[in-house]
Number of protein chains: 2
Amino acid sequence: MGVSLKDVALRAGVSVKTVSNVVNHYPHVTPATRARVQHAIDELGYRPNLMARHLRKGRTGIIALAVPELGNPYFAEVAGAVIDAAARHEQTVLLDHTAGLREKEALVSQGFRAHVIDGLILSPIQLESEDLLARTAGPPMVLLGEREYDAPYDHIAIDNVAAARAAVRHLLDLGRSRIAFLGAREESARQPAHLRLSGWRQEIAASGGLARDALVAATDGFDRRDGAVAMAALLDRGERPDAVFAYNDLVALGAMRVLSERGLRVPEDIAVVGFDDVEEGRYAAVSLTTVAPDKHAIARLAVDCLLERIGAAGADPAPPPRRIRPGHRLVIRESTAGRPSRPRPPPGSWSGPGPGPG
Amino acid sequence: MGVSLKDVALRAGVSVKTVSNVVNHYPHVTPATRARVQHAIDELGYRPNLMARHLRKGRTGIIALAVPELGNPYFAEVAGAVIDAAARHEQTVLLDHTAGLREKEALVSQGFRAHVIDGLILSPIQLESEDLLARTAGPPMVLLGEREYDAPYDHIAIDNVAAARAAVRHLLDLGRSRIAFLGAREESARQPAHLRLSGWRQEIAASGGLARDALVAATDGFDRRDGAVAMAALLDRGERPDAVFAYNDLVALGAMRVLSERGLRVPEDIAVVGFDDVEEGRYAAVSLTTVAPDKHAIARLAVDCLLERIGAAGADPAPPPRRIRPGHRLVIRESTAGRPSRPRPPPGSWSGPGPGPG
DNA sequence: ATGAAAGCGCTAACAC
DNA sequence: GTGTTAGCGCTTTCAT
């Protein structure tokens with residue numbers, strides 16, 4: 001490290017400006033000069049110092065992405081997609097995770113690490129509107145995910161209510177009538193799962209059924225353990241659902257594990273639908289029916305949207321906040337449809353299917 | 001944005017240097033001045049411009065982490081741990097993924113995005129020693145993971161051979177004799193799974209058994225699909241293993257899915273051991289026995305090691321490359337040990353366990 | 001088409 | 001204890 005424009009200029013016998021022109025593809029440079037400069041660059045192995053360049057230009061080429069938890073495959077998959085989308089614009093992604101803590105989310109949304117980043121994509125869980133309103137300065141920001149806010153920020157999220165309704169509709173169409181919801185925290189419009197719970201309620205009501213609160217199970221967080229605990233709690237208090245709609249795939253998978261432990265069959269005894277379409281659900285012993293948000297669209301839209309904001313920074317009046325809804329679809333798998341057919345017999349002299357779990 | 005040291009100095013009626021002193025906790029400042037400056041800082045909402053600071057200091061406070069695939073929960077979990085470990089040193093992590101492509105790995109290992117980062121943690125899959133040797137400049141780098149190189153870089157990795165042998169030992173102790181290996185690509189010391197395959201071979205040989213090549217199944221990559229395809233291929237060519245040791249948990253989970261489809265019971269018909277201890281394995285319908293690397297130790301050691309290198313940059317002679325082996329342990333779960341006991345009966349009038357898959 | 005010089009925001013030397 | 005100044009590597013007027 002340490003080869004600067006000046007070194008190259010010295011070597012090529014030109015001025016710094018000329019080298020800069022070559023590096024930045026400034027059109028009006030004699031081919032001869034360009035060649036000489038390029039030669040010097042190659043010889044010295046010159047690489048522009050982005051730090052300095054961006055100090056000058058006021059942009060860093062780095063955008064931050066803050067997700068609750070990288071251990072959640074949904075966010076890991078989205079993060080991967082964001083990195084790819086950003087790379088297509090020659091932007092680098094700086095990753096943070098908030099553990100879903102309101103305090104950390106607020107910290108990130110405020111100018112934490114501003115100056116290093118051109119913009120921020122934040123996927124909040126616990127953050128409240130007032131935290132967002134308290135944000136006075138900081139780089140452009142776009143929001144990702146289910147939480148809704150009364151704050152002037154672009155927001156990328158699928159239509160969670162419609163998606164939840166489609167999931168519940170599917171269960172109703174299967175003839176299920178006692179559909180539990182796993183993952184609600186409390187009876188409040190401020191809770192993270194608000195929209196999906198609301199979709200559950202609406203669709204059951206629309207079908208003429210009764211959305212019993214007793215069939216709603218709270219979770220502390222949204223991972224497999226939470227799903228397992230909530231499912232066990234529901235069963236232990238004597239509820240007998242014939243279907244489960246979970247806040248996300250992780251909760252659904254945790255629930256399915258408990259069902260299997262208790263000798264309940266999926267989907268025969270209880271059908272299960274998740275949300276997120278994480279890879280894992282496709283390969284579960286009983287593959288998981290789920291709502292699949294278009295993750296690549298989400299990532300692309302978030303990056304495009306953010307870069308647009310960054311480009312328009314300082315514009316007056318600022319463009320109004322947008323509400324962008326990427327697509328989603330319901331992916332039906334074995335956890336609601338069952339195994340399509342008899343498994344083909346194993347090769348050789350294998351014994352047939354065993355007597356089941358236990 | 002746009003409040004600079006100068007603005008604060010003007011406001012507080014002091015010089016830039018004094019403000020800088022306050023910001024950097026320089027000890028010799030009068031409490032009175034400090035208070036006045038701090039007041040001005042708060043009023044103006046001043047945040048230091050890291051870009052400029054680091055241009056000056058020659059360090060950015062950003063380290064890069066390049067993993068093959070964020071969609072692989074192992075790497076996602078490690079990435080999360082690295083972010084946390086870095087945060088404890090007030091370092092930020094810039095994330096890249098290489099898709100396990102040699103070309104991208106080489107690009108990252110060379111000075112791609114140098115100048116922005118102080119150092120690089122790289123987890124290679126396909127990279128070869130010659131690529132590493134070709135690296136002429138660039139920030140300090142430490143390597144992560146199973147691949148071994150003849151290149152002067154610190155390398156953090158558990159003892160893969162010993163870990164693999166422990167896994168195979170466990171299967172042998174269970175009385176299994178036809179133990180397949182899933183995930184080897186070819187018969188070469190250069191292939192990614194080399195060490196684990198070697199452990200498999202050694203332990204079987206040590207037990208007096210025969211490590212048949214026919215029981216080794218190749219995979220293209222290392223995810224669930226690859227595991228499923230490899231398992232199916234192995235069965236389809238008439239092999240009848242009574243145990244499977246997979247390159248990693250994802251491959252193992254994919255294999256288990258195929259076993260379930262074909263009516264083969266785990267562990268009764270085939271015991272399965274994975275590698276990585278991803279969260280998912282704990283909640284699989286049949287929970288997965290696995291080799292658990294100490295991910296937090298890995299992350300911490302990688303960050304510490306890198307920061308040490310960064311601190312010692314330019315030292316002559318450079319400290320010799322280190323080979324650091326974090327701990328690992330075998331976690332025994334149902335895929336080899338079976339369900340510990342009869343599932344407790346479900347509440348109410350539920351029917352008992354069904355007739356099994358299919 | 002190219003060169004000279006200023007300055008982005010900051011810290012390190014060196015005054016006072 | 002605090003102020004002055006130079007310069008990190010780059011881009012950008014403004015000259016030539």
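So that the names make sense, note that chain A is the first sequence line, chain B the second, and so on, each numbered from 1.
The separation between Tyr26(A) atom OH and dT2(C) atom C1' is 9 Å, rounded to whole Å. In this structure, Arg59(A) places its CZ atom 19 Å from P of dC10(D), rounding to the nearest Å. Between Lys57(B) atom NZ and dG9(C) atom P there is a gap of 18 Å when expressed in whole angstrom units. Atom CZ in Arg34(A) sits about 9 Å away from atom P in dT2(C), given to the nearest Å. Going from atom CG of Asn21(A) over to atom P of dT13(D) covers 13 Å, rounded to whole Å. What separates NE2 of His28(A) from P of dG3(C) is a distance of 16 Å, to the nearest Å.
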Identify the pairs formed between an N or O of the protein and an N or O of nucleotides 13-16 of chain C at a distance under 3.5 Å, and give each distance.
none

Nucleotide N/O to protein N/O under 3.5 Å, stretch nucleotides 6-9 of chain D:
from, atom 1, to, atom 2, distance (Å)
dG7(D), N2, Arg56(B), NE, 3.4
dG7(D), N2, Arg56(B), NH1, 2.8

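Listed pair Thr33(A) / dA1(C) fails the phosphate criterion, with no side-chain N or O lying under 4.0 Å from OP1 or OP2. Distances shorter than 4.0 Å separate some side-chain N or O of Ser20(B) from OP1 or OP2 on dT11(C). Here Thr18(A) does not reach the OP1 or OP2 of dT2(C): none of its side-chain N or O atoms lies under 4.0 Å away.
Residues satisfying the side chain to side chain contact (heavy atoms under 4.5 Å, CB included) test with His296(A), not counting sequence neighbours, are Ala81(A), Asp294(A). Under the side chain to side chain contact (heavy atoms under 4.5 Å, CB included) criterion, Asn21(B) pairs with Lys17(B), Tyr26(B), Val29(B), sequence neighbours left out. Residues satisfying the side chain to side chain contact (heavy atoms under 4.5 Å, CB included) criterion with Lys295(B), sequence neighbours excluded, are Tyr74(B), Glu77(B), Val78(B), Asp277(B). With sequence neighbours excluded, the residues that form a side chain to side chain donor-acceptor pair (under 3.5 Å) with Thr60(B) are Asp118(B). Partners of Ser15(B) according to the side chain to side chain donor-acceptor pair (under 3.5 Å) rule, which considers only residues two or more places apart in sequence or in another chain, are Thr18(B). In this structure Glu128(B) satisfies the side chain to side chain contact (heavy atoms under 4.5 Å, CB included) test together with Arg102(B), Glu130(B), Asp131(B), Arg147(B), Arg190(B), sequence neighbours excluded. For Asp276(A), the side chain to side chain donor-acceptor pair (under 3.5 Å) test picks out no residue, with sequence neighbours left out. Listed by chain and number, the residues in a side chain to side chain donor-acceptor pair (under 3.5 Å) with Arg322(B) are Asp154(B), Glu308(B) (sequence neighbours excluded).
A donor-acceptor contact shorter than 3.5 Å links the side chain of Ser4(A) to the backbone of Lys6(A).
Axis angle across the helix from dA1(C)-dT16(D) to dC16(C)-dG1(D), with five pairs used at each end and values rounded to 10°: 40°.
Among the protein residues, Val16(B) comes within range of no part of the nucleic acid, since none of its heavy atoms lies under 4.0 Å from any strand.
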Item to check | Candidate pair Arg135(B) and Tyr153(B), rule side-chain contact (heavy atoms from CB on, under 4.5 Å), full reasoning | outcome: CA-CA 11 Å; Arg135(B) 177 185 155 100; Tyr153(B) 293 103; 2.8 Å; yes

Which side-chain N or O atoms in residues 86-95 of chain A pair as donor and acceptor under 3.5 Å with protein atoms at least two apart or in another chain?
from, atom 1, to, atom 2, distance (Å)
His89(A), NE2, Asp304(A), OD1, 3.2
Thr92(A), OG1, Arg113(B), NE, 2.7
Thr92(A), OG1, Arg113(B), NH2, 3.3

